[in-house]
Amino acid sequence: ANVPTDRWTVSPSAGGGGVRDGPSTTFPAIASIPGGEFRFANGTDGAWIRLVGDGWVSSGVVDLNGPCGGLPLVTVPTSPQSEAAPVEPTEVNPDPVGTR
């Protein structure tokens, strides 16, 4: 691959390339980086690399290219945030057995 040397990029190493929705294995897998390709990076939390528009990849499964020591450090949750389902109002029947 023709990987730029002046930009932060990642390319899959021997066993890597899996992209997740967040910086941990608790987040769902959303894509992969095919061998021979690269993705631009724009941040890190130390162990995971944030990809431009594509999620996160573990730094242990990719090769870092470019001046990656200067990647901005970002703080993000380490597990998916689950939104509580809205509670639907229930109608209370004052006369449940129909005695009226």
Side-chain angles (χ1 to χ4, degrees):
N2 189 14
V3 180
T5 58
D6 62 338
R7 303 272 311 270
W8 299 312
T9 63
V10 296
S11 54
S13 56
V19 179
R20 294 194 172 267
D21 198 29
S24 121
T25 57
T26 61
F27 286 89
I30 58 171
S32 64
I33 304 171
E37 293 189 14
F38 69 91
R39 297 291 183 266
F40 289 105
N42 63 3
T44 182
D45 75 346
W48 290 77
I49 306 296
R50 185 174 63 190
L51 304 177
V52 175
D54 287 332
W56 293 78
V57 65
S58 171
S59 62
V61 299
V62 293
D63 294 322
L64 305 175
N65 309 295
C68 291
L71 274 172
L73 188 61
V74 293
T75 304
V76 294
T78 57
S79 63
Q81 300 294 318
S82 60
E83 293 185 29
V87 177
E88 294 292 327
T90 55
E91 190 173 314
V92 177
N93 184 351
D95 188 17
V97 292
T99 57
R100 287 192 218 179

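Partners of S58 according to the side chain to side chain contact (heavy atoms under 4.5 Å, CB included) rule, which considers only residues two or more places apart in sequence or in another chain, are W48, V61. Listed by chain and residue number, E37, R39 satisfy the side chain to side chain contact (heavy atoms under 4.5 Å, CB included) test with P34 (two or more places apart in sequence, or in another chain). The side-chain hydrogen bond (donor to acceptor under 3.5 Å, both in side chains) check on R20 picks up nothing, with sequence neighbours excluded. For D21, the side-chain hydrogen bond (donor to acceptor under 3.5 Å, both in side chains) criterion is met by no residue, not counting sequence neighbours.
Here the shortest heavy-atom pairing between W8 and G70 reads CZ2-O, 3.1 Å. Nearest approach of I33 to P12, heavy atoms of both residues: O-CG, 3.4 Å. Residues L71 and G43 approach most closely at CD2-N, 3.6 Å, considering heavy atoms.
Expressed to the nearest 0.5 Å, how far CG of L73 lies from OG1 of T44 amounts to 6.5 Å. One finds the CZ atom of F40 at 15.0 Å from the CD1 atom of I49 (value rounded to the nearest 0.5 Å). For the atom pair N42 CG and T9 OG1, the distance stands at 12.5 Å (nearest 0.5 Å). Taking CG from L64 and OG from S59, the interatomic distance works out to 6.5 Å, rounded to the nearest 0.5 Å.
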